[in-house]
Every structure is written in structure tokens, then in C-alpha cells.
Amino acid sequence: MRGVNTHGQSVTRSGPEGPLRRLAVPAGVLAAVAGAFAYVGAVDPNEPGHYPACPLLRYTGIYCPGCGGLRSAHAVVHGDFLAALQDNALAVAGYALFAVLWTVWVVQAARGRPFRIDPGPVQLWAAGALLLVFTVVRNLPFGGWLHP
């Protein structure tokens with residue numbers, strides 16, 4: 001479609017995006033995440049030799065916030081949500097958060113509205129504090145229930 005801008009110059013305007021085009025990126029992200037979960041579901045992280053060991057755990061004996069995340073994803077794929085929570089409860093919360101945000105993104109994209117996540121400093125500090133507390137507690141003697 002051709003038009004004229006405020007300076008009298010001829011410009012080409014594109015029509016409104018179709019719903020399939022607007023959903024292409026969320027669908028691609030879902031395909032990538034589903035592929036990753038499918039791989040982790042097929043290749044058991046509980047068996048040694050399939051994935052690299054966590055360097056922090058290997059050299060210091062300290063569980064990082066991601067330790068147990070692959071085992072947790074494997075358990076989710078196989079429907080064992082209790083084992084997933086035991087392997088890495090924070091990762092399970094992350095999977096749920098991703099699902100909610102992805103769903104909101106798809107709904108917004110289907111309606112032709114932009115979707116933007118713009119956390120403020122308070123939310124970023126809270127997320128950092130949550131990661132720090134989770135990491136410290138899972139490495140203390142009374143936090144053994146958070147070990148993978």
C-alpha cells in the first residue's frame with residue numbers, strides 16, 4: 001500500500017500483520033523449549049556421562065541454583081512432579097513462570113498487541129535475593145531437603 005508522509009514523500013506501508021505471522025516467534029520459542037525438554041526427557045541426566053557436571057559442585061561441593069535442573073526437567077517430562085520438586089524446586093517454579101508468560105505472550109500476539117516484560121529494580125533485586133537465599137539454604141545442613 002502506498003501513501004504520503006507528513007513531508008510529502010511517497011512511502012510504502014505494510015498492511016496489518018496476519019495472526020499466523022504474529023504467532024511465528026512465540027511458536028518458534030515453544031518449539032525450541034519443547035525440543036530441549038524432549039532431549040532431556042530422552043537422555044536421562046541421572047546416568048553419568050551424558051551431561052557435563054556442574055563445575056561449582058564438582059570443585060567446591062556447593063550446590064548452585066541450577067544444580068538438579070536437568071534432573072528436574074527430566075522428571076517433569078516423565079510426569080513425576082514430586083521428583084522434579086525434590087531435584088530443583090526453583091527450576092520447577094521457573095518452568096511454571098515460563099508457561100504463564102508464554103501463554104500471555106501468545107494471547108497478546110494473537111490480539112495484535114505487543115508483549116513486553118520490563119521488570120523494575122525492585123523485581124530484579126527480589127529475583128536476585130530469591131536466588132541467593134535458595135542457594136545458601138540448600139547448602140546449609142537444615143536445607144538438605146533442597147539438595148538434588
Atom pair [atom1] ([X]) and [atom2] ([Y]), whose distance is rounded to the nearest 0.5 Å:
X: Gln108; Y: Arg116; atom1: CD; atom2: CZ; answer: 14.0 Å
X: Thr135; Y: Leu90; atom1: OG1; atom2: CG; answer: 8.0 Å
X: Asn88; Y: Leu146; atom1: CG; atom2: CG; answer: 8.5 Å
X: Asp118; Y: Gln123; atom1: CG; atom2: CD; answer: 9.0 Å
X: Asp87; Y: Leu70; atom1: CG; atom2: CG; answer: 10.0 Å
X: Tyr39; Y: His74; atom1: OH; atom2: NE2; answer: 12.5 Å

Out of curiosity, does [Y] fall in the hydrophobic cluster containing [X] (side-chain heavy atoms, cut-off under 4.5 Å, transitive links)?
X: Val104; Y: Val25; answer: yes
X: Leu57; Y: Phe134; answer: no
X: Val106; Y: Leu30; answer: yes

Is there a side-chain contact (heavy atoms from CB on, under 4.5 Å) between Tyr95 and Val100 once you walk through the steps?
CA-CA 9 Å; Tyr95 308 150; Val100 168; over 6 Å; no

Please determine which of Pro45, Cys67, Cys54 meets the side chain to side chain contact (heavy atoms under 4.5 Å, CB included) test together with Pro148.
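The side chain to side chain contact (heavy atoms under 4.5 Å, CB included) with Pro148 is passed solely by Cys67 among Pro45, Cys67, Cys54.
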
Measure across Ala84 and Ser72 and return the closest heavy-atom pair with its distance rounded to 0.1 Å.
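Residues Ala84 and Ser72, closest heavy atoms: O-OG, 3.2 Å.
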
Hey, are the side chains of Val33 and Trp102 touching, using non-hydrogen atoms and a 4.5 Å cut-off?
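In short, these two side chains do not touch, never coming nearer than 4.5 Å.
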
Keeping Arg138 on the side-chain end and Gly143 on the backbone end, is there a donor-acceptor pair under 3.5 Å?
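No, the answer is negative, given that no donor and acceptor are paired below the 3.5 Å cut-off.
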
Measure from the side-chain N and O atoms of Tyr51 to the backbone N and O of Val43, and report whether any donor-acceptor pair falls under 3.5 Å.
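Judged by distance alone, yes, a pair lies under 3.5 Å.
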
Look at the rings of Phe115 and Trp105 and say which category their plane angle falls in: under 30° parallel, 30 to 60° tilted, over 60° perpendicular.
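Parallel.
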
